[in-house]
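Here, residue 1 is the first one in the sequence, and each next residue gets the next number.
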Amino acid sequence: MAVPKRKMSRSNTRSRRAQWKTAAVATVACPQCKSPKLPHAACSVCGTYNGRQVLEV
């Protein structure tokens, strides 16, 4: 297992961690009701997926 030979300084640690950024959640417009929804998922507003009703809303 890899083990560091020396302690990493605070500035090096913090500058490395500064590159960890969160990305915004990608949304697409529902073709039926035009509300934002997650891609490849059923719409939570109208309950449709791929042109057919899959959820009771």
Side-chain angles (χ1 to χ4, degrees):
M1 199 163 105
V3 178
K5 286 193 180 230
R6 303 228 182 264
K7 180 179 178 177
M8 188 173 265
S9 68
R10 275 192 194 143
S11 63
N12 281 348
T13 302
R14 289 174 181 167
S15 65
R16 184 186 72 244
R17 287 181 184 157
Q19 301 307 313
W20 279 69
K21 297 176 181 69
T22 58
V25 176
T27 57
V28 294
C30 174
Q32 302 291 326
C33 64
K34 307 295 187 239
S35 65
K37 71 174 193 77
L38 292 174
H40 306 286
C43 179
S44 60
V45 177
C46 62
T48 59
Y49 180 73
N50 204 14
R52 57 196 165 94
Q53 190 74 24
V54 294
L55 293 176
E56 294 291 325
V57 181

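Cys30 is not listed as a side-chain neighbour of Val45, based on a closest heavy-atom distance of 4.5 Å or more. Val25 is listed as a side-chain neighbour of Leu38, based on a closest heavy-atom distance under 4.5 Å.
Between His40 and Lys37, the closest heavy-atom pair is N-NZ, 4.2 Å. Leu55 approaches Ala42 most closely through the heavy-atom pair CD1-CB, 3.8 Å. Nearest heavy atom pair, residue Asn12 against residue Met8, reads CB-CG, 3.6 Å.
The number of heavy-atom neighbours closer than 6.0 Å to CZ of Arg17, taken from other residues, nucleotides and ligands shown, is 12 or below. A 6.0 Å sphere centred on NZ of Lys21 holds more than 12 heavy atoms belonging to other residues, nucleotides or ligands.
At distances below 3.5 Å, not a single donor-acceptor pair connects side-chain atoms of Gln32 with backbone N or O atoms of Gly47.
Residues meeting the side chain to side chain donor-acceptor pair (under 3.5 Å) test with Ser11, sequence neighbours left out: Ser9.
If you chain together ILVMFWY residues whose side-chain heavy atoms come under 4.5 Å of each other, Val28 ends up in a group of its own.
Between Cys43 and the choices Pro36, Ser35, Pro31, the side chain to side chain contact (heavy atoms under 4.5 Å, CB included) rule is met once, by Ser35.
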